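Following: one structure in structure tokens, then a few remarks.
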Amino acid sequence: MKFKLISDSGSNQRILDASIDYTTVPLTIVTDEKTFVDDSTLDVKEMVTFLSSYKGKSGTACPGVADWLEAFGDAEYIFCFTITSNLSGCYNAAGLAKEDYESAHPDRHVHIVDSLSAGPEMKILIEKALEYIAQGNDYKEICEKLEAYKQQTGLMFSLESLQNLANNGRVSAVTAKLAGVLGIRVVGKASDVGTLEPMDKCRGEKKALLAVWKHMKEMGFVKGKVRIDHCCNLPAAEQLKDMILEESPEADIIIGKTYGLCSFYAEKGGLMIGFEKL
Ligand code: X90
């Protein structure tokens, strides 16, 4: 079987270090002055710097059906990973593309995994798909296993500002007000239905990281995978990594960066933490 993996750019996973075909479908960040396409040409730092002094309206747009179809190419067995369907139209557009594709080519197949999450939790799901493929599972088996595995992964976040989320209707204004004061971070998780669920309001980075770590353990983390993506905040990512390794030296931790879409919403200083409940 010839497989292809695809994710939207909300995964923060641009390339894959594997022999399997992989491509990302970019979301777009739109302002009155500039449009940023979240593909490999985007300079994330420059976008974040621009946004920090930009006062006008800004928003995002998900890829359309045609973008997904282009990504499918002529692949036979496709796995798509989308950012949560509860906050974005990515999943819906991918679903329509799947219908078109499969009816035009009855021998080709598309399975769409709605991550109900974003960024590093999507990375963990993609890694698992690679593992299942390498083990020689067939397509249908992998689809089923991925859906089951999704129950065993989680996402936490620590954000200094929820302004862009609130301005675009992805959290309520009340939730956004939890942050907004200098030095206050909102720590929370991706809920079971793929929305932001704030849990703690923390004063200072250290307290926020301790809260993230505490909740990860409560949700079942023991020594599995942790993928930490940061928006211009490597020191916090490293601090969290050290904190986890001190108690769970066997944990498999990789630090990465948020790309365009997640940088827009997680904002400067934000952390997203995907992990296995293992
Ligand atoms: O379709 C679009 O325009 C994209 C909208 C995406 C909105 C949400 C992105 C969130 C990214 C924030 C931290 C953690 C999120 C938890 C997700 C359930 C980053």
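All of these numbers come straight from a predicted model, not from anything done at the bench. One-based numbering, in listed order, for ligands and for the atoms of each.
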Query raised in the report: Apart from V193 itself, what residues make up its hydrophobic cluster, given side-chain heavy atom links below 4.5 Å?
Result: none
Report task. Apply ring-ring contact (aromatic ring centres under 6.0 Å, His included) to Y149 and list each qualifying residue two or more places apart in sequence or on a separate chain. Result -> none
Requested in this report: Could you name each residue pair satisfying ring-ring contact (aromatic ring centres under 6.0 Å, His included) that touches residues 21-66, not counting sequence neighbours?
Outcome: F36-F50, F50-Y54
Requested in this report: Kindly give the heavy-atom pair with the smallest separation between P249 and E246, and that separation in Å.
Outcome: CD-O, 4.4 Å
Report task. Test the R108-Y77 pair against the cation-pi criterion, namely NZ or CZ under 6.0 angstrom from the six-membered ring centroid and within 45° of the ring axis. Result -> no
Using a 3.5 Å cut-off on N/O to N/O, what pairs does ligand 1 make with the protein? A line per pair would be great.
| from | atom 1 | to | atom 2 | distance (Å) |
| --- | --- | --- | --- | --- |
| ligand 1 | 1 (O) | S88 | OG | 2.7 |
| ligand 1 | 3 (O) | T60 | O | 3.4 |
| ligand 1 | 3 (O) | T60 | OG1 | 2.5 |

Query raised in the report: Should the ring pair F79 and Y139 be called parallel, tilted or perpendicular, given that the plane angle runs from 0 to 90° and is split at 30 and 60?
Result: tilted
